[in-house]
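Comments concern the structure below.
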Amino acid sequence: MILSAVAGLMSLMAASPQSFVLNLDTNVHDVTAKDISGDGIAELLVLCCDEKSRPLVKYLAVFEPGPDGAYPGTPTARLDLDPSISTIFFAQTDQTPAVELVAADGEGAVIYSYSGGKFVTMASPRFSSLLPTGAKDPTFYTDIAKDLDGDKIDEWIIPVPGGFEIRSPQNSITRIACDIVSEMTLSNSAYIYHRLPACHAFDLDGEPKKCLAFLSDEVADFAHGLDWGTRQRFEIPLNVDDKWEASSRMTDINGDGFPDLVVTQTRGTINMKAITQVYLATAPFTYPQKPDAVFEAAGGLAAPAFVDVDGDDKKDMILIQVPLGVRNIINFFTRHKVSVRLEVYLLKDGRFGNKPNFTESFTLDAPDGLERVAYTLGDFNGDDRIDLAFAAGRDRLVIHTGSADAFISSRPWVGFDIPAFGVARAYDLNNNVAKDLVIHHPGGDNKKRIDVIVF
């Protein structure tokens, strides 16, 4: 009976997906999914901006699905934003089930609640920060609000000169100094930019509040204890000269609760070489001087992605490579094609192997101008294995399902005749075991359009 029920569930999940086209009257700059109404179903939220208007015309569009799960072609609600607003994040500011929406710039924020298709202004706290003001490309800022002390109310982690400020909407709690890159260059005008470390929060036995880690390309700064007053720093052992460029990321790979370090170093232009090093945390705030795993890729671009490929609740590594050899360059200019190679390393017994468990190669249509090839990973058929959705052509998106014998199936599981250049992301839009797809199309002819595929 159990097997019959499972088979029935899988059959239901494999039913034909629903596809929707959402239309806006202004260019789409960012899209996310979040339950801001508190009904348990995520709304689709769209940040729009007419970057050529003076003053800038910006607004947030909300698309709510109907009882049958269908999305309307035009927004359910619209929130006009001040031209200064440059980012939006979500925070729990009270004890109600729904999170609030926070629209922010460099001088403060406006907090909104949403219910019944309408926004209500709750507060307008004022504070100074490194957040931009008047950005033409507004974006959603994830992971800037977290419940750090377990009281069901989120603290805000706001970038400020020299570090981050932990604050509530009303008050500053503390400031944490960390490795923020701030530079200035002069030509006909002055250019000032900042590069912020990635922030991670994690639990630690014996600590009353979540510990915070701030990761730049060169150091990891940790803050914990009462009001995060205890500080520690780990210098990432790059061991390279000025010809190398380095980038770092932090993620809990082996599921022990401690964030692990991943460092990717790249050198060269034509004869490129990329080295990815993995440092697994041996204890809180402690990493080995020598990497636990090293992956090298020569002759092209390479970047790692960490996802659970085989459904064992451990993060495996997918090394995404774009070769820049003569053949690939000729294909790009003569056929408008680009080759991509994927190497999959499964985490087994707490370690990655020296050789990939699976390899896959694809030839894709190359985008023009500011367009990009849409691709994303997610479990779209609900079988606990990772699937790959990508643009098989300018107007064709396909999904290959995960397999125990190979990374993905040799033939597409399903395909869609939709504009396939853009940004694809996986979300849970209907609370079932399968992920759903949302694609928006910046930089191309469809920059006022969003495609939604619900499984």
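At a threshold of 4.5 Å between non-hydrogen side-chain atoms, the residues Leu212 and Ile176 count as touching. Between Arg175 and Val160 there is a side-chain heavy-atom pair separated by less than 4.5 Å. Under the 4.5 Å side-chain criterion, counting only non-hydrogen atoms from C-beta, Val423 is in contact with Arg372. Contact annotation: the side chain of Asp25 approaches that of Tyr59 to within less than 4.5 Å [non-hydrogen atoms, C-beta and beyond]. A 4.5 Å side-chain heavy-atom check between Phe390 and Val398 finds at least one atom pair inside the cut-off. The shortest distance between side-chain heavy atoms of Trp413 and Asp387 does not fall below 4.5 Å. By the 4.5 Å heavy-atom criterion applied to side chains, Val344 and Glu360 are not counted as neighbours. Contact check for Val99 versus Asp154: no side-chain heavy atoms found under the 4.5 Å cut-off.
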**Message:** Working note: Lys435 + Asp379, criterion salt bridge (charged side-chain N to carboxylate O under 4.0 Å, His left out); need CA distance, chi angles, decisive distance, verdict.
**Reply:** CA-CA 6 Å; Lys435 293 293 185 182; Asp379 180 11; over 6 Å; no

**Message:** Apply side-chain contact (heavy atoms from CB on, under 4.5 Å) to residues Thr32 and Phe90 and explain how you reach the verdict.
**Reply:** CA-CA 11 Å; Thr32 194; Phe90 306 96; 4.0 Å; yes

**Request:** Might you work through the salt bridge (charged side-chain N to carboxylate O under 4.0 Å, His left out) test for Asp203 and Lys210, ending with a clear yes or no?
**Result:** CA-CA 5 Å; Asp203 294 311; Lys210 287 184 180 293; 3.1 Å; yes

**Message:** Using the rule given for ring-ring contact (aromatic ring centres under 6.0 Å, His included), can you reason through Phe222 versus Phe285, listing the C-alpha separation, both sets of side-chain angles and the distance that settles it, and then say yes or no?
**Reply:** CA-CA 7 Å; Phe222 298 93; Phe285 328 120; 5.1 Å; yes

**Message:** For a side-chain hydrogen bond (donor to acceptor under 3.5 Å, both in side chains) check, start with the C-alpha distance between Glu107 and Thr133, then their side-chain angles and the critical distance, and finish with the verdict.
**Reply:** CA-CA 8 Å; Glu107 297 181 299; Thr133 295; 5.3 Å; no

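Between the side chain of Asp149 and the backbone N or O of Lys209 there is no donor-acceptor pair closer than 3.5 Å. With hydrogens and angles ignored, the 3.5 Å screen pairs no side-chain donor or acceptor of Asp417 with any backbone N or O of Arg396. For Glu64 (side chain) and Thr76 (main-chain N/O), no donor-acceptor pair under 3.5 Å exists by modelled atom type. Not one N or O on the side chain of Asn446 forms a donor-acceptor pair closer than 3.5 Å with the backbone of Pro419. A donor-acceptor pair is defined here as one N or O able to donate and one able to accept, closer than 3.5 Å; such a pair exists between the side chain of Lys58 and the backbone of Ala135. Thr251 places no side-chain N or O within 3.5 Å of a backbone atom of Ile253 that could act as its donor or acceptor partner. Remark: side-chain polar atoms of Arg394 are not paired, donor with acceptor, to backbone N or O of Ala391 under 3.5 angstrom. For the pair Ser182 (side chain) and His194 (backbone), a donor-acceptor distance under 3.5 Å is absent. Side chain of His440 to backbone of Gly422: no donor-acceptor contact under 3.5 angstrom is found. No side-chain donor-acceptor contact under 3.5 Å links Arg425 to the backbone of Asp436.
Listed here is the closest heavy atom pair of Pro197 and Ile180: CD-CG1, 3.5 Å. When every heavy atom of Ala434 is checked against every heavy atom of Gly382, the shortest pair comes out as CB-N, 4.0 Å. Shortest non-hydrogen contact noted between Ile399 and Ala389 is CG1-CB, 3.7 Å. In terms of heavy atoms, Ile41 sits closest to Asp35 at O-OD1, 3.4 Å. Nearest heavy-atom pair, Ala424 versus Ile439, reported as atom, atom and distance to 0.1 Å: CB-CG1, 3.9 Å. Looking at every heavy atom in both residues, Leu377 comes nearest to Ala426 through O-CB, 3.8 Å.
The only member of Leu261, Asn254, Leu280 that meets side-chain contact (heavy atoms from CB on, under 4.5 Å) when paired with Asp292 is Leu280. A ring-ring contact (aromatic ring centres under 6.0 Å, His included) with Tyr345 is found for one member of Phe306, Phe295, Phe352, Phe407 and no other, namely Phe295. Residue Tyr71 forms a side-chain contact (heavy atoms from CB on, under 4.5 Å) with just one option from Ile450, Leu429, Val21, and that option is Leu429.
Pairs engaging residues 443-455 under the salt bridge (Lys or Arg N to Asp or Glu O under 4.0 Å) rule: Arg449-Asp451 [sequence neighbours left out].
In this structure, NE2 on His200 lies 14.0 Å from SG on Cys211, to the nearest 0.5 angstrom. Considering CG of Leu148 and CD of Glu155, their distance stands at 4.5 Å, rounded to 0.5 Å. Between Phe234 atom CZ and Tyr287 atom OH the span is 7.5 Å, to the nearest 0.5 Å. Separating the SG atom in Cys178 from the CZ atom in Phe164 is a distance of 5.0 Å, to the nearest 0.5 Å. If you take NZ on Lys118 and OG on Ser113, they are separated by 12.5 Å, rounding to the nearest 0.5 Å. With rounding to the nearest 0.5 Å, the separation of OG1 in Thr87 from CG in Leu131 is 6.5 Å.
Side-chain N/O atoms of Thr264 and Thr276 include a donor and acceptor closer than 3.5 Å. For the 3.5 Å distance criterion, the side chains of Ser129 and Glu165 fail to qualify, holding no donor opposite an acceptor.
Surrounding NZ of Lys136 are at most 12 heavy atoms belonging to other residues, nucleotides or ligands under 6.0 Å away. Atom CG of Asp68 has more than 12 neighbouring heavy atoms from other residues, nucleotides or ligands inside a 6.0 Å radius. Atom CD of Glu51 is surrounded by more than 12 heavy atoms from other residues, nucleotides or ligands within 6.0 Å. Atom CZ of Arg126 has more than 12 neighbouring heavy atoms from other residues, nucleotides or ligands inside a 6.0 Å radius.
A salt bridge links Asp217 with Arg195; the closest basic N to acidic carboxylate O contact falls under 4.0 Å.
In this structure, Phe380 has its ring center closer than 6.0 angstrom to the ring center of Phe455.
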